[in-house]
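See below for the structure under consideration.
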There are 2 protein chains.
Amino acid sequence: MDALVTWIDERGLKPGDRLPPERDLTAALKVGRSSLREAVSQLSALGVLEARIGSGTYLKRRVTPGTHYMPLTVTADGLAEALLMTLEVRRGIEIEASIAAARRRTADDIVRMEVALNEMESAHKTEGGSGKADFAYHMTIYDAAHNPLFRQLLEQMRDIVERFWEQPFDRPDFAARSFPFHRTLFNAIRDGDAEAAAAETRKILDVVEEDIRNMRP
Amino acid sequence: MDALVTWIDERGLKPGDRLPPERDLTAALKVGRSSLREAVSQLSALGVLEARIGSGTYLKRRVTPGTHYMPLTVTADGLAEALLMTLEVRRGIEIEASIAAARRRTADDIVRMEVALNEMESAHKTEGGSGKADFAYHMTIYDAAHNPLFRQLLEQMRDIVERFWEQPFDRPDFAARSFPFHRTLFNAIRDGDAEAAAAETRKILDVVEEDIRNMRP
DNA sequence: TAACAGAATTGGTCTGACCTAATACCAATA
DNA sequence: TATTGGTATTAGGTCAGACCAATTCTGTTA
């Protein structure tokens with residue numbers, strides 16, 4: 001696996017780039033196809049590569065020989081349990097991300113956040129809320145924190161939430177209740193007020209968590 | 001991969017248990033050895049299995065078909081950068097873990113925490129502090145939170161910290177400065193005072209982070 | 001120009017042989 | 001009896017080659 005990562009790093013491949021076919025790579029790395037596939041399958045499991053049959057293998061995330069992998073496994077008795085588990089972790093992370101965003105946001109970040117916030121608001125007015133617009137707005141905050149770990153963590157947690165909503169029951173529009181706080185949060189981050197940003201995030205998550213607890217099976 | 005996880009789940013294997021040799025498992029799962037090895041290598045990368053040559057393959061973490069995997073990759077320009085990145089996330093997580101621990105700790109948890117705290121204190125008196133005793137004490141807190149995600153996250157972050165300390169420079173005893181706060185934190189959790197636990201954790205992490213920033217190369 | 005069929009490409013699986021590192025076993029020895 | 005040390009066995013790791021299945025490319029046809 002290390003040999004493959006080194007090879008990728010040396011060539012300066014970026015996310016989205018395609019790797020050569022396996023049969024060619026074996027020659028370059030001087031290993032059998034089995035060993036190469038072992039590395040590819042491990043890096044795929046870690047979300048670094050994505051192999052598409054008939055098409056090729058693509059780089060999904062930046063890697064270097066110094067990259068550290070943090071594989072977490074969430075095993076709970078039921079999806080609702082897993083959701084509550086991640087939600088608790090998410091609280092801490094989101095609050096910290098808001099603080100970091102308030103401290104490090106650039107002018108560009110602020111523009112992006114406001115655009116996403118407006119889109120989210122109009123989505124709420126026209127169709128009563130869209131999960132995608134909500135998520136996009138949240139992500140602009142995590143990006144403003146300028147710490148890629150935040151984004152990754154939240155993306156992973158979204159996947160769990162998405163699994164959860166697949167369940168056959170009506171999705172209450174819990175986003176609506178936390179809605180009024182979002183513009184206040186935006187203002188706090190824009191003004192660089194870390195304390196206010198943390199407090200506002202806390203309020204939002206309290207509302208969300210309460211709603212989710214109420215809708216448990 | 002799913003077939004193997006299902007097989008493990010059906011037999012109720014627990015962490016530490018050994019899987020049958022690959023050549024035997026292929027028969028049970030009705031797949032070729034390549035496919036089985038693909039699954040094993042992926043689950044190994046995800047920290048679920050551990051293959052030891054000449055000995056066998058062992059289960060490291062509980063898995064079920066419903067298990068969700070959260071692979072994170074930390075790629076930064078230098079270890080110090082990675083350390084600061086994870087430290088920021090750690091802040092949020094530790095604070096939330098302290099709150100959860102204050103709410104959910106059992107009588108047993110309290111006993112374990114106090115034992116570990118005393119060991120840590122005596123370690124500090126005799127040899128000026130031991131990283132292991134510190135870590136063990138912290139882990140008792142995360143366990144008292146009764147959310148396995150906390151423990152996993154912190155274990156992963158410890159690995160990054162350990163990599164960092166390998167660097168050839170003297171390790172200042174930064175734990176000593178945060179030392180007085182630890183007993184206060186213990187008291188807060190024991191008394192179920194979530195607010196105080198959060199505040200105390202915040203203080204500890206402020207000190208630790210400050211020290212780490214000062215010692216950057 | 002658009003739609004389709006077939007060829008080429010590429011990852012996925014299977015088989016079987018061989019390599020290498022742990023481990024278990026057993027006899028020789030102190 | 002306890003310990004040592006060599007040897008056979010076990011079990012994961014690697015290699016090679018054939019074949020499968022999904023995708024993509026390409027050239028022909030309507």
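Residue numbers begin at 1 in each chain, while the letters A, B, ... track the order of the sequences.
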Take atom [atom1] of [X] and atom [atom2] of [N], then tell me their distance rounded to the nearest Å.
X: Arg37(B); N: dT14(D); atom1: CZ; atom2: P; value: 7 Å
X: Leu25(B); N: dG12(D); atom1: CG; atom2: C1'; value: 13 Å
X: Leu36(A); N: dG12(C); atom1: CG; atom2: P; value: 11 Å
X: Asp24(A); N: dT9(C); atom1: CG; atom2: P; value: 11 Å
X: Arg18(B); N: dT10(D); atom1: CZ; atom2: P; value: 11 Å
X: Glu50(A); N: dG11(C); atom1: CD; atom2: C1'; value: 13 Å

Completion exercise
Walking DNA chain D from its 5' end, the first of Ser34(A) and Tyr58(A) to be reached, judged by nearest nucleotide, is Ser34(A)
Exercise for the section: Check the side chains of Thr106(B) and Asp109(B) for a donor-acceptor pair under 3.5 angstrom, ignoring hydrogens and angles. Expected result: yes
Exercise for the section: Would you mind classifying the nucleic acid contact of Gly54(A) as base, sugar-phosphate or nothing, using non-hydrogen atoms under 4.0 angstrom? Expected result: base
Problem - Sugar-phosphate only, base, or nothing, as touched by Val40(A) at under 4.0 Å among non-hydrogen atoms - result: nothing
[X] side-chain N/O to [Y] backbone N/O, donor-acceptor pair under 3.5 Å:
X: Arg104(B); Y: Ala145(B); answer: yes
X: Asn147(B); Y: Met85(A); answer: yes
X: Thr75(B); Y: Arg62(A); answer: yes
X: Gln152(A); Y: Thr73(B); answer: yes

Please pick, from [options], the nucleotide with the shortest atom-to-atom distance to any side-chain atom of [X].
X: Ala51(B); options: dG13(D), dC14(C), dG11(C); answer: dG13(D)
X: Ile53(B); options: dT20(C), dA16(D), dG11(C); answer: dT20(C)
X: Ser35(B); options: dT13(C), dG11(C), dT15(C); answer: dT13(C)

Please tell me if [X] has a side-chain N or O lying less than 4.0 Å from either OP1 or OP2 of [N].
X: Ser55(A); N: dG11(C); value: no
X: Arg33(A); N: dG11(C); value: no
X: Arg52(A); N: dG12(C); value: no

Practice task
Ignoring hydrogens and angles, answer whether the base of dG12(C) and the side-chain atoms of Arg23(A) contain a donor-acceptor pair closer than 3.5 Å.
Solution key: yes
